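Step one of this worksheet: look at the structure below.
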Protein chains: 2
Amino acid sequence: MSSKDQNGEAAYKVLARELRQAILGRRYVDGTRLPTEAELAAEYQVSRQTVRRAFHDLVSEGMVYRVPGRGTFAAPRDGQYLRQFGSIEDLMGLSLDTQLEVLRPLRRKVDIDAASRLRLDSDAVHTVVFLRTHNGEAFCHTTVHLHPAAAEALGDVAELTERGAVSDVTIIGLLDTRLPSPIAEAEQSITAAAAEKPLANALGCHAGDPLLRVDRIYLTTDQQPVELAINHFLPEQYSYRVKLRRNTR
Amino acid sequence: MSSKDQNGEAAYKVLARELRQAILGRRYVDGTRLPTEAELAAEYQVSRQTVRRAFHDLVSEGMVYRVPGRGTFAAPRDGQYLRQFGSIEDLMGLSLDTQLEVLRPLRRKVDIDAASRLRLDSDAVHTVVFLRTHNGEAFCHTTVHLHPAAAEALGDVAELTERGAVSDVTIIGLLDTRLPSPIAEAEQSITAAAAEKPLANALGCHAGDPLLRVDRIYLTTDQQPVELAINHFLPEQYSYRVKLRRNTR
DNA sequence: CGTTATTTGTGCGTATGTATT
DNA sequence: AAATACATACGCACAAATAAC
């Protein structure tokens, strides 16, 4: 118990999560200083170094900023589309006004690259391909590769296993309730790609047209990758906006 | 000198930069293990904790991943990402491993669209066009439009006013020290676009090839837009990475 | 199958430097 | 000038995962 909590969760991660929640719960708004390292160390019965490690993570997430000699402060969430990160909930919210149409139903498939990105030992994943439409018009083509355990959890979902099925579900929405541990974060990578012919046909554009390619790897709370989604968006109908800000000073 | 180098640069940052360079220079491809913490500590004459600190930063940048009991590995560049830009500092850090080559020197130009995006009254901006290269290869074509005050501040910078000049500056790095108020944030918008002919020539790709287009508007601390940068990246050599989180609402 | 060596992960203690108040 | 608070650095100990035997 000297190095880890009984649950097996690191003390600095517990502390980081508590502080994250407190900040998201607006408990340190408008420039209020957070407790000092020494105060938190005393409160949580850990060393100052452990507190520092928690803060270090929060800084790299952009949750707080620190000023030597002054203290630690919650990062300002100014007005409108405030954060540096989009959120998972935004993605789940997709189902509110879009539909999903299955092009190729969920089934097992050998894909070494996808398997390695999901950090699987085997070379097979479970794959489903669909279009996302809005008002009847397709704007995004998605290929989803699933961890075997995730595929298991979705095996009985008719909306994914029948070709041509139309529904308003999201994969992560389904996974979130059916997996033992919920989805906590996603690593997103954005680049551009030319439309392959079948993809162009599905999206109603020309082969070779530029598309915005967005890859997302979804991780559960225990950092296990469960889903790799490869999206191709029509750029006229989608652009990704972020606000960057300064770290220190 | 026990806590900092004479230059005032932290030892762990020096080490992190060296390792970053080595990885970007492809010195640890195809799953080669990086040196262990103990080896690096001995080589750089620092403690193991200092090495860990450096690795921690590289992990949060997505440059490497670590496996207990096995070692540290360069993150796979499936789509060839270079960097994660989560903050303004990351963009300023570009000068560490890339060069800038002027295609069209800084000069006044009428551009109503750019002027309005910079919230100018007039319809003229100051514009400079350049390539950004890494290891001698161009990966990004950039058109920068400047607020008159910003252009004034950069008027005597030979690296921007002479065609063909090659340097390792960043515009925001220059502006940050020369403007009365520093740069505080940027609004970024990402989409895909086909390469126009002159752009394709400059980047060494074909006309019509898909490019990642990233527009950024930089704002000073008093919310004054001073720079509009329109970047076109070669997707093989660049992808934009973000981490999405739960509960950020 | 356990044992051992290697390597990273976590935690604590201490010392000193630097920035702010 | 002094107190406060964060920043960097080194040291040690032990835990946990992995691989080799």
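Letters A, B, ... are given to chains in the order of the sequence lines, protein chains preceding strands, and every chain is numbered from 1. Every value quoted in this text rests on a predicted model; they were computed, and no experiment measured them.
- Counting only N and O atoms by type, the side chains of A:Ser189 and A:Asp215 include no donor and acceptor under 3.5 Å apart.
- For B:Ser47, counting side-chain heavy atoms from C-beta on, the closest listed nucleotide (D:dA7, C:dG11, D:dC10) is D:dC10.
- The CZ-P distance, from B:Arg48 to C:dG11, rounds to 14 Å in whole Å.
- With respect to the salt-bridge test (charged N to carboxylate O, under 4.0 angstrom), the residues A:Asp57 and A:Arg17 do not qualify.
- Searching all strands for a Watson-Crick or G-U wobble partner of C:dA5 with both distances below 3.5 Å returns D:dT18.
- Between the CZ atom of B:Arg52 and the P atom of C:dT10 there is a distance of 7 Å, given to the nearest Å.
- Here the options are B:His145, B:His147, B:Glu187, the test is side-chain contact (heavy atoms from CB on, under 4.5 Å), and the partner is B:Leu228; only B:His145 passes.
- Considering only side-chain N and O atoms, B:Lys13 lies nowhere under 4.0 angstrom from the phosphate OP1 or OP2 of D:dA7.
- Whole-Å rounding puts the B:Arg53 CZ to D:dC10 P distance at 12 Å.
- Side-chain polar atoms of B:Gln49 and B:Tyr12 form no donor-acceptor pair below 3.5 angstrom.
- Note that B:Arg33 lies outside the cation-pi zone of B:Phe73, set by a 6.0 Å cut-off to the ring centre and a 45° limit from the axis.
- Between the side chain of A:Gln49 and the base of C:dT14 there is at least one donor-acceptor pair of N/O atoms closer than 3.5 Å.
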Under 3.5 Å between N/O atoms: give me all the protein pairs with nucleotides 2-5 of chain D, atom names plus distance.
| residue | atom | partner | partner atom | Å |
| --- | --- | --- | --- | --- |
| D:dA5 | OP1 | A:Arg33 | NH1 | 3.4 |

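- When all heavy atoms are compared, the tightest approach of A:Ala124 to A:Ala115 is N-CB, 4.3 Å.
- Residues meeting the side chain to side chain contact (heavy atoms under 4.5 Å, CB included) test with B:Arg27, sequence neighbours left out: B:Ala22.
- Atom-to-atom, CZ of A:Phe73 to C1' of D:dC6 comes out at 11 Å; the value is rounded to the nearest Å.
- One atom, CG of B:Leu40, and another, P of D:dC10, lie 13 Å apart when rounded to the nearest Å.
- Phosphate contact (OP1/OP2 of D:dA9, side-chain N/O of B:Tyr12, threshold under 4.0 Å): absent.
- Computed from coordinates, the A:Tyr65 OH to D:dA7 P distance equals 13 Å when rounded to whole Å.
- Residue A:Phe55 is classed as having no contact, given no heavy-atom separation below 4.0 Å to the nucleic acid.
- Straight-line distance from the NE2 atom of B:His56 to the C1' atom of D:dA9: 17 Å, rounded to whole Å.
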